[in-house]
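These values consider heavy atoms only, across backbone and side chains, with no hydrogens, waters or symmetry-generated copies.
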Amino acid sequence: MLQAYKTDQIRNIVIVGHGSTGKSTLFDAILVIGKHIEKIGNPAQGTLTSDYDEEEKERHMSIRSALGFVEIDGVKINVIDTPGMSDFIGEARAALQVAETAVLIIDSVDGIQIETEKAWRYLRENAIPTIVFVNKMDKERASYEIIEKIKAGMGNNVIPVSIPIGSADTLKGVIDLIEMKAKMPKPDGKDVTTTEIPADLKAFAEESRAKLVELAAEGDDELIEKFLEGAELTNDEIRRGIKNQLATAKIIPVIFGSAIKMVGITTLLTMIKDFAPSPPVGKEFKGINPNDESKEITIKAYTEGAFSAIVWKTYIDQYAGRFNYIKVITGELFPDSEFLNSTKNTKERASKLYTMVGNKQYEVPKLCAGDIGVIVKLEKTCTLDTLCDSKSPIKLPIVKLPQPVFSLAVESTKKGEEDKIAQVISKITDENPTITYVYNPETKQSVLSGMGEMQLNIILKTLKEKYKLDVITHEPRVAYRETITKKAEAQYKHKKQTGGHGQYGEVHLRAWPLERGAGFEFKDSIVGGVVPKQYIPGVEKGVRDALEEGVLARFPVVDIAVELFFGSYHDVDSSEMSFRIAARNCVKKVLESAGPILLEPIMEVDIHVDKEFMGDILNDITSRRGRVLGMGGSDETGSGISVVKALVPLAEMLRYAIDLRAMTSGKATFEMRFSHYDPISGRIAEKVIEERKKFFEEEANK
């Protein structure tokens, strides 16, 4: 069993970056130094530690995040490797919210790419301390000059803390600019040989160190004063300055190296150990009371406090069961502990606690505040759940994931298998909440949504090959809305005599449009008791019933106010149901004379694209009835990556994930979220109404 670690002995890092930059190879290189594995795996052979899933081995790429750890001089470094493809961005985003530091990998030749840019924007917006590792310095055409492109893309607070000794075939090691020593990996890669700096690099190393010292000095008032007085800073003072600056994300240290050649890896780990912030003791986290979600609760990260943790990842193995990856926020967790899943309101028990190296388990005696570990075989717990002491219940909405951008309507080829399909996909969504599977009663479709075509194809393949469930997929139907454009009123009398008690209710209703997004408003303006109070709720229910299907294409009606201003009743025959029926029919008459129109969902889209495709992207947005809101990125950062912000109808975005990849050869990605509804008219509206009519005819004939 491993030893337990205190909060200040822990560093949590996540490796992020564009695909094929060597993230999983770096993960293995770190594990070699930590003596967990003997050599770095090969992606083509499926031997990388983090790519242990069969689907990852088959595709030669990461599709899930993976956890590992190393101990350096009594410090435990939890390392999370993440996928680089946009389809699996949810894995990276979840990991970034439980790690205090990011290691952003940049290819020594390709520089800042699409996913690099996206990751950097996220890190900057969330002030996450970041260390850059320039990988593949052994690559042909690799050059230290890449640092200028990185500075252009990420700002002048990017500063090398090491410089390479050679490049491409001549790469031998790195120069540590703090210690001013050359460090070259020994043959087994697990340690380095420390020597004097080569004479031909001495002057350049001194020049580079001077720039590092200047930036480091800005991290402490005492240091800046000493620096301005012309005094030389000691190595410990430089370290102090860098540590202060990194903790507040004001400096981005850069380390050069090659994961596959084990160059620069010990320098990176020393950097993490010495400079990366430990989980902040006393940091405040805001949650809600699960018994009263209107009440906010604030907790502080102390080991002495009541236990609380969040589940940031779930992996379900068909043989070993469910693995819940947790980050302890407050208190401590011990084996054989019982605790509350406050998200599900169920009790759970952890028999043993583990940390992981890929899919290999290492038992631990406890997990303290700030540590990351794994609980196996919890019954109902899944990603995004909060675990806590039942005596101090709290829900922590800490992990926020991006919204799905690609959807498919899924239909079983065999009648009666719909429930089986739903059960299987439910297990998958337990692992990855960026995937959703929802039945839409408006469109009569079960819709599978995720971050991209590949992610959904993997799920469909799992259904077919593992569970023998055959499905066909369609483009999802769009859930439109209806509203009105002018004020109108109508009356309706519901009168029915069947012998004995009859039915009677008369209502006079007035309706007018509300501003977009306002929803529905009901106003009772009855005076003199012409409609008794006990029947008013029936009127409102009838109005709501009618608004579920509009008069144009039977879509829900929104952004409307309806007023009951007159009516009549019968002493014997009136009832709440009579008035409900009268209101329902009256609303239909009102809608027909109130200028009904269709509304379509409009999406806010952020497209990250290489500037060479900018013209194509802008033209394509226009062809999709979109409106460009603005552009940024390329000019302001010099990275060559631009971000186009636009508003585009959802109906035009259903295949965008596929079309964008084809249009840009995979050199663009996008994020999308609902913005608002906009009116549509003319031929577009006519087509929607025609298709909706045909849809209901087909449903009736089934």
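- Summarising the local packing, NZ of K39 is surrounded by 12 or fewer heavy atoms from other residues, nucleotides or ligands at distances under 6.0 Å.
- Side-chain polar atoms of D81 and S24 form a donor-acceptor pair below 3.5 angstrom.
- Remark: the backbone N or O of I128 is not paired with any side-chain donor or acceptor of N126 at under 3.5 angstrom.
- Taking the six-membered ring for Trp, F334 and F307 have ring centres at least 6.0 Å apart.
- Residues P402 and E671 form no side-chain contact, since every pair of their non-hydrogen atoms from C-beta on lies 4.5 Å or further apart.
- The pair R64-E55 does not meet the salt-bridge criterion, since no charged nitrogen lies less than 4.0 angstrom from a carboxylate oxygen.
- A donor-acceptor pair under 3.5 Å is absent between the side-chain atoms of T47 and the main chain of P43, judged by distance alone.
- Judged by distance alone, the side chains of S86 and T669 never bring a donor and an acceptor atom under 3.5 Å apart.
- In this structure, D606 pairs ionically with R673, as a charged nitrogen and a carboxylate oxygen lie closer than 4.0 Å.
- D430 places none of its side-chain heavy atoms less than 4.5 Å from the side chain of T383.
- Although no hydrogens or angles enter the test, the distance criterion places a donor-acceptor pair under 3.5 Å between the side chain of R322 and the main chain of T381.
- The salt bridge (Lys or Arg N to Asp or Glu O under 4.0 Å) pairs that include a residue from residues 258-283 are D73-K273, where partners are two or more places apart or lie in different chains.
- Contact annotation: the side chain of D176 never approaches that of S162 to less than 4.5 Å [non-hydrogen atoms, C-beta and beyond].
- A salt bridge does not link K377 with E348: every distance from a Lys NZ or Arg NE/NH1/NH2 to an Asp or Glu carboxylate oxygen is 4.0 Å or more.
- When all heavy atoms are compared, the tightest approach of L177 to P160 is CD1-O, 3.5 Å.
- In this structure, A102 and L123 approach most closely via the heavy-atom pair CB-CD2, 3.6 Å.
- Taking all atoms of both residues into account, the shortest heavy-atom contact from I37 to D28 is CD1-O, 3.5 Å.
- A donor-acceptor distance shorter than 3.5 angstrom exists from the side chain of S108 to the backbone of K136, with no hydrogens or angles considered.
- Counting heavy atoms from C-beta on, the side chains of P365 and Q3 never come closer than 4.5 Å.
- Counting only distance, with no hydrogens or angles, the side chain of T101 and the backbone of T130 share no donor-acceptor pair below 3.5 Å.
- No more than 12 heavy-atom neighbours from other residues, nucleotides or ligands sit within 6.0 angstrom of CG on D419.
- Here the side chains of F285 and K300 are not in contact, with every heavy-atom distance at 4.5 Å or above.
- Judged by distance alone, with hydrogens and angles left aside, the side-chain atoms of K468 form a donor-acceptor pair with the main-chain N or O of E465 at under 3.5 Å.
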**OP:** Walk me through it: do N78 and D371 pass the test side-chain hydrogen bond (donor to acceptor under 3.5 Å, both in side chains)?
**Re:** CA-CA 8 Å; N78 290 315; D371 207 352; 3.0 Å; yes
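- For the residue pair H18 and T116, the shortest heavy atom distance occurs at CB-OG1, 3.6 Å.
- Around atom CD of E38, no more than 12 heavy atoms belonging to other residues, nucleotides or ligands sit under 6.0 Å away.
- Contact annotation: the side chain of E453 approaches that of N457 to within less than 4.5 Å [non-hydrogen atoms, C-beta and beyond].
- Within the 4.5 Å cutoff, side-chain heavy atoms of T82 are placed close to those of V14.
- Although no hydrogens or angles enter the test, the distance criterion places no donor-acceptor pair under 3.5 Å between the side chain of D385 and the main chain of T343.
- In this model, a donor atom of one side chain and an acceptor atom of the other lie less than 3.5 Å apart for Y315 and D53.
- Here the side chain of E91 pairs a donor or acceptor atom with the backbone of S65 at under 3.5 angstrom.
- V98 pairs in a side-chain contact (heavy atoms from CB on, under 4.5 Å) with only one of the listed residues (I329, N12, I310), which is I310.
- Heavy-atom neighbours of N157 CG from other residues, nucleotides or ligands within 6.0 Å: above the threshold of 12.
- Contact check for T436 versus L448: no side-chain heavy atoms found under the 4.5 Å cut-off.
- F275 and L246 make their closest contact through O-CD2, 3.6 Å (heavy atoms, listed as atom of the first residue, atom of the second, distance).
- Looking at every heavy atom in both residues, L460 comes nearest to L408 through CD1-CD1, 4.0 Å.
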Original post:
Can you list the steps and then say if I13 with I80 is a side-chain contact (heavy atoms from CB on, under 4.5 Å)?
Top reply: CA-CA 6 Å; I13 69 162; I80 305 171; over 6 Å; no
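- Remark: E71 does not engage K76 in a salt bridge, criterion side-chain N to carboxylate O under 4.0 Å.
- Remark: the backbone N or O of K6 is paired with a side-chain donor or acceptor of Q9 at under 3.5 angstrom.
- With a 6.0 Å radius and a threshold of 12 heavy atoms from other residues, nucleotides or ligands, E379 has its CD atom at or below the threshold.
- Residues D51 and R59 are not paired through a salt bridge, judged by the lack of any N-O separation under 4.0 Å between the basic side chain and the carboxylate.
- Taking a cutoff of 4.0 Å between a charged side-chain nitrogen and a carboxylate oxygen, R240 and D220 qualify as a salt bridge.
- Remark: K427 does not engage E431 in a salt bridge, criterion side-chain N to carboxylate O under 4.0 Å.
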Subject >> Trace of the ring-ring contact (aromatic ring centres under 6.0 Å, His included) decision for F256 with F133 >> reply: CA-CA 6 Å; F256 287 81; F133 184 75; 8.8 Å; no
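- The pair K118-E115 meets the salt-bridge criterion, since a charged nitrogen lies less than 4.0 angstrom from a carboxylate oxygen.
- A salt bridge links E179 to K183: at least one charged side-chain nitrogen sits closer than 4.0 Å to a carboxylate oxygen.
- Here the side chain of Q97 pairs a donor or acceptor atom with the backbone of K400 at under 3.5 angstrom.
- Looking at T314 and N324, their side chains do bring a donor and an acceptor atom within 3.5 Å of each other.
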